[in-house]
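Computed from a predicted structure; not experimentally measured. Chain letters run A, B, ... following the sequence lines, proteins first, then strands; residues in each count from 1. All values below come from the heavy atoms of this structure, side chains included, with hydrogens, waters and symmetry mates left out.
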Amino acid sequence: MTALSFADAMQLFVVGLSQGCLYSLIAIGLVLVYKATEQVNFAQGEFMMLGAFVGYQFIVLMGMPYWLGAMLTLVFMGAFGYGVEALVVRRLTGQPVFTVFILTLALGIALRAVAGIIWGFGNYSLPAPVDGNLTLGPVIISWASVLSIVVTAVVASALYLFFRYARQGVAMQALSLNQLAAFYMGIPVKRLTSSIWAMSAIFGGIAGLLLGPMTLVSTQMGFIGFKAFAGAIVGGFGSIPGAVIGCLLIGVTEPFFDIMFPTLKGIGAYLIMFLVLLIRPQGLLAQIYAKKV
Amino acid sequence: EGLQGVTDDMITLGTYTDLSGPLAVWGVPEANGLRMRVDEINAAGGIHGRQLEIIIEDTQYQVPRAIQVANKLMRRDQIFAMVGALGTPMNLAIMPQQIEAGIPNMFPMSAEVEMYEPLDPMKYAFFRSYTDQFRAGVAYFKENGDFSTPCIAQLANEAGESMALGVTQQLAEYDMKVAAKTEHSATESDMLSSVTTLKNAGCDIVFLAGGVRDTILVVATSKKLGFEPTFVTGMVSYMDAVATAADGAMDGLYLVSPFVFANAGDSEGEAKRILESYSEIYGEKMAPQAQLGYVFIDLIAVALEAAGRDLTTEGFLAATEAITSYVDPIGGQSVSFGPEDHQGIESLIMAKVEDGKWTIAARGLDY
Amino acid sequence: MTEVLRASNVETMYGRVMAIRGISLTVKEGSVVTVMGSNGAGKTTILKTISGALDPFKGQVEFEGRDITALDPDVIARVGIAHSPEGREVFSLLSVKDNLMMGAYCRKDRDEVARDLEKVLGWFPVLRTFLEKQAIYLSGGQQQMLALGRAFMQRPRVMLLDEPSLGLSPLLISEIFQIIKRINVEEGVTMLLVEQNASVALPAADFGYVLETGRIVMEGERDVLMKSADIREFYLGIKAESARGDRRWKARKTWR
Amino acid sequence: MRVIFRKSYVQDIQLFRDRGQAFWYLLFAAIALAAPLFLDGYFLDELSFVFIYAIAGLGLMVLTGFSGQVSFGQAAFVAIGAYTHTILLTRYSVPWLLSLPIAALVAGLVGLAVGRICGKMHGLYLAIATLSIAIVTERLIGGAGDFTGGHRGLSVPEINILGLAIDESWKVYLLNFVIFVGCILIVRNLTRTRSGRAMIAIRDSEVSARALGTNVAFFKAYAFFISAVFAGLAGGLLAHAFFYITPETFGMGESIRLLLMIVVGGIGTIHGAVFGAFFIVLLPTVLSWVKIVLPSAVATSGGFDSLAFGLILLGFILFEPDGLYGRWTKIHHYFNVFPMYKKRSFQRQKTFLKTERLR
Amino acid sequence: MNGLEIDNVSLSFGGLKAVDGLSFSVEPGSVFTIIGPNGAGKSTVFNLICRIYDPSQGDIRFNGKSLRKAKSHEVINHGIARTFQNIELFEHASLLDNLLIGRIRHGKFGPLSELFFTRSQMRQELAHRRKAEEIIEFLDLEGYRHARVADLPYGVRKKTEMARALVSEPKILLLDEPSSGLTSEETDDTAFVIEDIREVLGVTVVMIEHDMKLVNKVSDMVLAINEGRFLASGSASEVQSDPDVQAAYLGGQAA
Ligand SMILES: Nc1ncnc2c1ncn2[C@@H]1O[C@H](COP(=O)(O)OP(=O)(O)OP(=O)(O)O)[C@@H](O)[C@H]1O
Ligand SMILES: Nc1ncnc2c1ncn2[C@@H]1O[C@H](COP(=O)(O)OP(=O)(O)OP(=O)(O)O)[C@@H](O)[C@H]1O
Ligand SMILES: CC(C)C[C@H](N)C(=O)O
Ligand SMILES: [Mg+2]
Ligand SMILES: [Mg+2]
């Protein structure tokens with residue numbers, strides 16, 4: 001291995017950052033649902049895939065202007081997320097966690113198949129929201145990547161504030177802690193839960209629209225969701241800042257790991273996660289607390 | 001007590017392929033091609049008064065599922081022969097018992113050398129091996145233009161490994177070594193680190209021993225960084241989606257393949273008819289994988305035709321072995337078998353992306 | 001006085017187990033009603049059925065003449081029934097303050113909410129010192145105060161209190177019942193109270209029911225109940241020492 | 001309805017609840033042993049798969065169902081078993097009867113190490129950590145070159161026990177069945193002894209488990225060990241059923257399939273693992289029958305199988321979260337009390353979610 | 001010295017001193033009661049004894065042996081069993097299984113004899129079962145033997161916890177509010193039970209309790225604490241007549 005030049009290192013860092021941001025967007029979707037319901041949506045990667053395909057439908061197949069198509073995609077995703085909660089997930093409230101794991105895994109399998117049946121199992125290209133590259137000295141980064149960094153920053157801070165200060169945000173946490181008590185308080189639990197799934201699907205959609213142009217749209221693209229999982233876990237599952245920190249950590253270290261072990265690309269994220277968990281079994285910003293007895 | 005899969009008016013064939021997994025890009029068009037030729041033959045009255053039937057099962061590119069569906073095809077559906085079964089690991093797992101059960105393995109959708117070696121009366125392969133393909137690719141560039149710093153970007157699976165093996169073997173002929181090698185998994189979404197490794201190694205030719213998506217990503221990422229070595233990929237990427245990907249970034253990508261991807265626009269006669277009628281039936285362009293499926297059945301039909309009405313497995317296999325001057329009606333490659341040679345296409349081609357389309361840069365590659 | 005709450009002939013099942021069997025009770029506006037009964041009698045089940053956490057298999061629950069049977073618990077809460085559940089059920093990882101504010105989730109009158117918050121903190125000064133502490137780390141009794149305060153923050157028409165005195169110190173128990181009485185009198189909140197500790201609950205109540213294995217076996221005005229020998233012995237713990245002596249020996253309840 | 005009068009404590013501990021139950025189980029066993037007489041090779045092979053998957057499922061049940069540790073990486077242990085067994089057989093000519101237990105033990109020891117390392121992780125953290133172990137294992141086996149056959153894999157020799165070739169479906173079937181029954185007995189024994197109870201204790205409340213003297217870390221690791229031994233055993237048998245193994249064979253998909261299996265079967269019960277194995281293995285077969293009656297456009301569309309699989313799973317979990325075994329007990333109850341059956345006995349009460357973030 | 005000794009123990013959570021230089025000792029064979037207002041640190045003392053928390057200072061000894069080095073799962077091997085204020089049962093298991101889990105400290109880890117269920121294993125299981133049945137009878141839990149614990153009413157769950165602690169055959173039993181959630185009749189029963197625990201089973205009892213009637217009936221020694229510090233100790237009546245205790249805890253009306 002030849003030594004890495006500073007320019008290359010910067011390039012890797014910047015791209016790692018934007019990659020980390022994409023992981024974060026998916027992870028935020030996961031964490032949102034978890035924060036509000038303690039359910040884990042293993043189909044979040046597939047939500048992202050669906051978002052990319054719906055965008056492909058509107059923008060490429062139906063030829064809509066990009067931003068109109070993108071907006072419609074997000075509207076669709078919102079409705080989809082809402083519907084999935086209201087019609088499917090809700091029926092399992094109160095069941096043990098892995099039952100819900102399995103439900104969403106099954107949902108993911110079904111979604112992949114549905115997308116394949118509708119759009120085909122190939123690889124399709126989706127236009128990027130913005131074209132061109134930004135050149136900062138030796139570092140080249142596409143405007144699309146810059147956009148994904150900006151979007152992630154905005155989304156993450158908005159959500160952080162929402163959960164911290166908004167009445168609904170606190171209520172969502174309350175209902176994840178004790179749903180029955182939340183009901184007793186008159187909190188519209190069902191509507192809030194569905195809304196949170198809608199929000200999470202929308203973020204999945206955003207991630208799909210951003211990732212689609214970079215990797216091609218295909219039924220398999222959802223598997224990247226597992227890396228987002230790794231990121232969210234590293235940060236401490238359930239914390240929005242944690243998810244972002246974890247995903248950035250993974251996004252940024254991964255390329256350097258790959259450079260060091262060029263024949264092991266693809267497992268760096270998991271090794272990094274494993275290492276972090278060895279040291280901090282609950283992730284960086286722990287979301288698991290000791291029970292008082 | 002008749003022959004398995006053959007009745008007075010029906011011959012049952014089977015295949016397992018990937019209809020919804022990572023290689024569904026191959027499996028779905030293949031299945032269509034297989035079906036199209038079967039329907040054509042049946043519409044034309046079948047073969048010696050027998051209709052053809054093909055049962056297609058989905059493996060999702062998972063070995064355990066493949067084993068199960070193959071078991072079903074062989075034992076429940078009682079197929080006469082397996083045609084175009086997709087996937088190296090699946091074929092490797094299933095072939096032994098399939099052959100033991102007396103079911104020929106015809107033209108698997110895998111270019112692994114084990115598909116025809118060691119020689120076995122029951123197995124016939126269409127493609128030359130991945131290893132040979134890449135050896136020929138290396139030889140081609142050694143002869144036309146030369147290179148000094150060869151590198152490999154390999155997909156972490158068995159096909160990738162075989163392709164990479166071809167590269168190292170052929171390089172050894174020239175006393176050369178691979179300058180850098182990266183290996184990635186199939187679900188990667190970013191190849192920057194691999195590309196940086198290759199770039200830092202100063203590669204002037206990169207052999208992409210891999211699949212579809214990773215090929216696109218490596219080439220596109222390199223373009224963006226202004227790293228432009230010669231890229232050579234394998235037959236797995238031979239499809240439109242690769243040529244048109246990333247707004248022209250694929251232009252200049254080379255590909256070694258045993259088969260030719262024909263376009264309706266450039267074809268004439270029978271080939272044109274097939275390509276157009278496929279588009280009519282399936283509402284999309286006939287992908288090369290569909291062309292392969294079509295040709296597989298066509299070959300089977302030739303053999304069945306030659307084997308006569310009194311069909312036996314031996315007769316069928318002997319008739320296949322006797323095929324020597326078959327010309328692929330779509331791509332035009334010639335296919336021949338012989339007692340010592342159960343592998344169909346000898347000659348390899350070098351394809352190249354130009355203006356977002358696959359063109360043929362050279363024919364008759366070898367090493 | 002009019003009836004605010006009426007349950008008629010309610011039966012509730014847990015899977016194959018029928019926990020309450022045809023219960024009817026009425027709660028008059030502005031009164032304090034208590035339900036007594038031994039372990040597993042079904043008291044908690046009644047409250048949960050009223051507040052919608054359990055669906056009755058049969059029967060009807062009405063609030064001010066409106067049928068609220070089997071509505072979602074949040075709808076019932078917004079109608080004006082607050083439930084302070086058994087086992088406290090605080091929002092463990094939220095701060096004490098957020099817990100209290102969740103009680104006021106559906107209220108729009110910010111000023112009133114602030115005033116009520118002050119009131120609650122006045123009743124339970126400990127809560128004020130722990131305002132930013134996560135509820136899980138309160139002691140058992142402190143959590144109980146929090147649960148009560150939170151229910152009050154809803155400003156309900158009717159409060160369903162499931163064992164409000166559980167785990168509280170004697171000092172606080174007497175205070176709690178004073179507070180309950182005060183809320184009842186000053187704020188006009190009707191109370192349906194389930195309590196093991198009948199010796200404090202019954203005197204604070206206007207009317208009482210006695211529940212045994214899912215059935216109501218006795219009901220009456222406070223004064224009537226206070227005089228009943230069985231109630232005195234089994235719930236108020238007032239008895240001639242000699243009747244039980246110091247060995248285990250169980251008297252027979254006459255209503256069985 | 002049959003009422004059981006318990007006359008001695010032994011009744012609660014012994015293998016079968018009563019004579020009737022013993023009769024039924026033994027009858028099933030007898031039918032299963034006689035199956036080669038009336039089933040063709042296809043079904044025997046399918047049933048072999050059922051037994052092998054059930055063995056792996058039993059292991060996962062011990063880990064996830066009993067000790068409450070969710071593992072998304074069980075296929076890694078299956079892979080380790082399969083590879084160890086194959087390599088021992090082909091490269092070191094170890095006799096089959098020795099090689100299989102060694103393979104199981106090797107998998108078990110790796111499991112023990114994993115359990116030890118992951119002892120502090122819970123729920124989702126553990127799930128994703130084990131998932132990553134599976135991903136890494138797959139890659140490492142693939143990258144280990146000639147020793148493991150790399151990504152190209154290894155071919156697996158026929159079973160040969162002390163010179164006796166197990167070369168036909170019915171022989172393989174019987175062998176798998178016998179091992180399967182052995183495994184069930186072992187897990188059953190685990191459930192009725194101290195270690196099994198310790199695992200259940202850990203699952204439900206670690207604080208109490210500790211207060212009662214359970215060494216939580218030890219029993220967590222022990223659960224991993226047992227479950228990996230079963231996975232390794234299943235791996236060894238599976239290698240023969242696959243004839244050829246590649247690292248991809250034991251990828252993430254396999255791990256998830258195993259997990260799906262025990263949940264569909266009914267989490268936390270031995271029956272669940274077995275029922276789940278039947279479900280997962282036989283579903284494709286059933287689907288292919290269904291396809292015969294469907295319009296060919298639907299049946300032949302790519303993705304039909306996955307869609308059907310996904311939807312059936314979805315439906316299952318939605319309508320019977322207790323799994324097949326849960327449904328079975330209900331049907332059983334229905335017939336037991338038949339004339340007196342009341343619909344309300346199965347009325348599902350509302351359930352509510354409560355945080356599991358407190359440990 | 002025999003019995004349980006708490007020696008100048010302190011613990012704080014953040015800035016809050018939950019236990020502050022507390023000392024007391026429990027005579028073997030007695031019933032020792034801790035009272036104090038809510039949040040006084042009573043449960044925390046139990047948690048310290050059971051090694052859930054590590055004291056910042058001081059020592060805890062049982063029968064002369066320091067517990068400070070013990071892991072939390074080893075405490076019971078000294079013969080110390082407890083119940084929890086908020087009930088920590090194994091919710092998805094039956095009552096009987098809960099009790100059998102309580103027997104975990106009796107029996108060694110023998111993987112082979114367990115997995116093959118040898119005869120000696122069978123004998124062991126039967127012994128556990130007999131002990132469990134003894135306690136079930138002792139606490140009148142016969143009717144619930146096979147019920148899933150999650151489905152039991154509060155009071156029965158409370159008793160189940162006590163039973164689970166008792167089957168482990170402890171030398172000393174820590175009860176955190178045993179009578180909470182019980183009717184006065186049931187509280188009376190609890191008093192008898194506690195007496196029996198001491199007399200029949202010979203177990204020392206340390207309990208936290210708010211019901212003064214129960215305290216009066218069974219305690220040999222009462223300790224009152226407030227804000228983690230010693231307030232008063234002595235016989236039940238002595239402590240109750242202490243003005244500090246009255247002000248902080250009883251509110252002037254000794255029950
Ligand atoms: N989830 C459940 N599943 C099955 N049975 C239950 C469930 N919850 C309660 N029960 C049963 O219903 C009956 C009534 O229980 P409930 O909790 O209403 O009693 P309670 O009067 O509140 O008792 P306590 O004073 O102990 O709280 C009991 O016999 C109990 O066993
Ligand atoms: N893990 C913890 N983290 C922070 N504070 C704690 C923790 N455990 C207890 N506390 C605090 O320590 C004090 C003592 O709590 P403890 O539970 O010992 O009270 P208690 O005497 O048992 O009261 P109660 O009778 O209400 O149960 C309380 O103020 C409580 O808020
Ligand atoms: C042609 C391709 C679909 C073959 C596949 N990569 C395999 O050999 O497994
Ligand atoms: Mg109750
Ligand atoms: Mg306490």
At a heavy-atom separation under 4.5 Å, does Ser306(D) approach chain B through its side chain, its backbone, both, or neither? both
Of the listed Thr88(B), Ile94(B), Asp77(B), Asn71(B), the one with the largest count of heavy-atom pairs under 4.5 Å with chain D is Asn71(B)
Looking at Lys171(D) and Asp167(D), does any basic side-chain N land under 4.0 Å from a carboxylate oxygen? yes
Please state whether the side chain, the backbone, both or neither of Ala156(B) comes within less than 4.5 Å of a heavy atom of chain D. both
Ionic contact status for Asp40(D) with Arg76(B), cut-off 4.0 Å: yes
Examine distances only and state if a side-chain atom of Gln4(B) and a backbone atom of Ile79(B) form a donor-acceptor pair shorter than 3.5 Å. yes
Is it the backbone or the side chain of Glu254(D) that comes under 4.5 Å from a heavy atom of chain B, or both, or neither? side chain
Under 4.5 Å heavy-atom distance to chain D, tell me which part of Gln154(B) shows up: side chain, backbone, both or neither. side chain
Glu183(B) portion near chain D, given a 4.5 angstrom heavy-atom threshold: both
Whatever's closer than 4.5 Å to a heavy atom in chain B on Val156(D) counts as neither
Keeping the roles fixed (side chain from Gln74(D), backbone from Leu258(D)), state whether a donor-acceptor pair exists under 3.5 Å. no
Shorter than 4.5 Å, heavy atoms on both sides: which option in Tyr42(D), Phe49(D), Phe250(D), Phe43(D) has the most such pairs with chain B? Tyr42(D)
Distance alone, cut at 3.5 Å: any donor-acceptor contact between the side chains of Ser110(B) and Asn91(B)? no
Cationic N near anionic O, under 4.0 Å, Arg152(D) to Glu112(B): yes
In terms of the angle between their ring planes, are His240(D) and His85(D) parallel, tilted or perpendicular, with boundaries placed at 30° and 60°? perpendicular
Could you verify whether a donor N or O on one side chain and an acceptor N or O on the other, from Thr215(B) and Ser237(B), lie under 3.5 Å apart? yes
Does any heavy atom of chain B fall under 4.5 Å from the side chain of Ser169(D), the backbone, both, or neither of them? side chain
Shorter than 4.5 Å, heavy atoms on both sides: which option in Ser162(B), Ala31(B), Pro96(B) has the most such pairs with chain D? Ser162(B)
Of the backbone (N, CA, C, O) and the side chain (C-beta and beyond), which part of Ile67(B) lies under 4.5 Å from a heavy atom of chain D, both, or neither? side chain
